[in-house]
A.B. asks: 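Here you go, one structure.
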Amino acid sequence: MELRPNETFVHSGPASDAALRFIGRIRTPWTTREDCPRQGRIDGPECRIDLDPLWHGALRGLEAYPTVEVLYWLDQSRRDLITQSPRSDGKTVGTFALRSPARPNPIGTSIVRLLRIEGGVLHVQGLDCVDGTPLIDLKPDRCAFTPKAPPQPGDSQTA
Ligand code: SAM
């Protein structure tokens, strides 16, 4: 893939450590990366998250949360960039100073509005990924989540 001015990359070799398990697919109206919004909007178009049947039981209780954190694998990204020059302003910064999809482990996250769950399908708003993007995880939005376990040292008073 082509580099923009001042962008640099490394030869990082094949990824060899943690193996992720894709647990479903995200269905969106966007067929190319260029079509996608840069960040999802909570009032954006309705999208679908199709969870693999193996994991349907793991949805129990999630319907109680109006907002959910979705983690996904930005599978069309390059993974070797050290510095990047975003198209928006061309100002070169390090990969970790950006939310760019190009990163060593291209994990995307969005907080989505949960409209409804039908079987293993979640209907949501707030995504920004290409149709068919692999799903990694779903979690209640941390702002709405109250831990079930007793408080631990180091927990904030409000967590
Ligand atoms: N909201 C996530 C985050 O902040 O972690 C992702 C933000 S990233 C800037 C969103 C962009 O990634 C989209 O505008 C699109 O250009 C690109 N993108 C979407 N789906 C992708 C995919 N499956 N593989 C690689 N890039 C993707």
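Just so you know, ligand 1 is whichever comes first in the structure, and atom 1 is the first atom listed for that ligand.
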A.B. asks: For His56 and Leu51, indicate whether the former's side chain and the latter's backbone hold a donor-acceptor pair under 3.5 Å.
C.D. replies: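 Present.
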
A.B. asks: Atom CG of Leu138 and atom CH2 of Trp55: how far apart are they, to the nearest 0.5 Å?
C.D. replies: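 Rounded to the nearest 0.5 Å, the CG-CH2 separation comes out at 11.5 Å.
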
A.B. asks: I'd like to check which ligand 1 atoms, numbered from 1 as shown, lie under 4.0 Å from a non-hydrogen atom of Pro37.
C.D. replies: 13 (C), 14 (O)

A.B. asks: I'd like to check which ligand 1 atoms, numbered from 1 as shown, lie under 4.0 Å from a non-hydrogen atom of Arg38.
C.D. replies: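 Contacts of ligand 1 toward Arg38, numbered from 1: 7 (C), 8 (S), 9 (C), 10 (C), 14 (O).
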
A.B. asks: Is the side chain of Arg33 donor-acceptor paired with the backbone N or O of Gln76 at a distance under 3.5 Å, no angle test?
C.D. replies: yes

A.B. asks: Counting heavy atoms only, which of Arg33, Arg87, Arg103, Arg99 comes nearest to atom 16 (O) of ligand 1?
C.D. replies: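 The option holding the nearest heavy atom is Arg33.
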
A.B. asks: Side chains of Val70 and Leu135, heavy atoms from C-beta outward: is any pair under 4.5 Å?
C.D. replies: yes

A.B. asks: If you measure every N or O of Ser100 against every N or O of ligand 1, does any of those distances drop under 3.5 Å?
C.D. replies: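 Between Ser100 and ligand 1, no N or O pair is found under 3.5 Å apart.
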
A.B. asks: Could you check atom 12 (O) of ligand 1 against the protein and tell me its nearest heavy-atom contact, residue, atom and distance included?
C.D. replies: Pro101 CG, 3.4 Å

A.B. asks: Can you pull out the closest protein heavy atom to atom 21 (C) of ligand 1? Residue, atom name and distance to 0.1 Å, please.
C.D. replies: Leu74 CD2, 3.4 Å

A.B. asks: Please state whether Ser110 comes within less than 4.0 angstrom of ligand 1, counting heavy atoms only.
C.D. replies: yes

A.B. asks: Just need the protein heavy atom nearest to atom 5 (O) of ligand 1, so name the residue and atom and give the distance.
C.D. replies: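 Heavy-atom neighbour on the protein nearest atom 5 (O) of ligand 1: Thr109 N, 3.0 Å.
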
A.B. asks: Is it the side chain, the backbone, both or neither of Pro106 that has a heavy atom closer than 4.0 Å to ligand 1?
C.D. replies: neither

A.B. asks: Which is it for Gln39 and ligand 1 at heavy atoms under 4.0 Å: side chain, backbone, both or neither?
C.D. replies: side chain

A.B. asks: Applying salt bridge (Lys or Arg N to Asp or Glu O under 4.0 Å), run through Asp50 and Arg48 and close with a yes or a no.
C.D. replies: CA-CA 6 Å; Asp50 292 352; Arg48 241 177 48 213; 2.6 Å; yes

A.B. asks: Could you go through the side-chain hydrogen bond (donor to acceptor under 3.5 Å, both in side chains) check for Ser100 and Gln84 one step at a time?
C.D. replies: CA-CA 9 Å; Ser100 158; Gln84 302 187 39; 2.8 Å; yes

A.B. asks: Using modelled atom types and a 3.5 Å cut-off, is there a donor and acceptor pairing between side-chain atoms of Asp141 and backbone atoms of Cys143?
C.D. replies: yes

A.B. asks: How far is atom 24 (N) of ligand 1 from its nearest protein heavy atom, and which residue and atom name does that atom have?
C.D. replies: Gln76 N, 3.0 Å

A.B. asks: So, regarding Val130 and ligand 1 (criterion: nitrogen or oxygen to nitrogen or oxygen, under 3.5 Å), is there a contact or not?
C.D. replies: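 Yes, since at least one N or O of Val130 sits under 3.5 Å from an N or O of ligand 1.
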
A.B. asks: If you measure every N or O of Cys129 against every N or O of ligand 1, does any of those distances drop under 3.5 Å?
C.D. replies: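 It does not: no N or O of Cys129 is found under 3.5 Å from an N or O of ligand 1.
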
A.B. asks: Using a strict cut-off of 4.0 Å, indicate which atoms of ligand 1 neighbour a heavy atom of Gly108.
C.D. replies: 5 (O)

A.B. asks: Could you walk me through whether Glu46 and Arg116 pass salt bridge (Lys or Arg N to Asp or Glu O under 4.0 Å), step by step?
C.D. replies: CA-CA 11 Å; Glu46 184 170 328; Arg116 61 192 182 282; 3.1 Å; yes

A.B. asks: Does any N/O atom on Glu34 come nearer than 3.5 Å to any N/O atom on ligand 1?
C.D. replies: no

A.B. asks: Using a 4.0 Å heavy-atom cut-off, say whether Tyr72 meets ligand 1 through its side chain, its backbone, both or neither.
C.D. replies: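 Answer for Tyr72: side chain.
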
A.B. asks: What is the closest protein heavy atom to atom 25 (C) of ligand 1, and at what distance does it sit?
C.D. replies: Ser77 OG, 3.2 Å

A.B. asks: Whether Arg78 engages the ring of Phe9 as a cation-pi pair (distance to the six-membered ring centre under 6.0 angstrom, angle to the ring normal within 45°) should be assessed.
C.D. replies: yes

A.B. asks: Look only at the side chain of Glu69 and the backbone of Ile111, and say whether a donor-acceptor pair between them is shorter than 3.5 Å.
C.D. replies: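 It does not hold such a pair.
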
A.B. asks: Start with the C-alpha distance between Asp43 and Arg41, add both sets of side-chain angles, then the distance that settles salt bridge (Lys or Arg N to Asp or Glu O under 4.0 Å), and finish with yes or no.
C.D. replies: CA-CA 5 Å; Asp43 61 352; Arg41 293 172 49 125; 2.9 Å; yes

A.B. asks: From atom 13 (C) of ligand 1, work out which of Asp128, Asp75, Ile26, Asp131 has a heavy atom at the shortest distance.
C.D. replies: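 Comparing heavy atoms across Asp128, Asp75, Ile26, Asp131, the nearest one to atom 13 (C) of ligand 1 lies in Asp128.
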
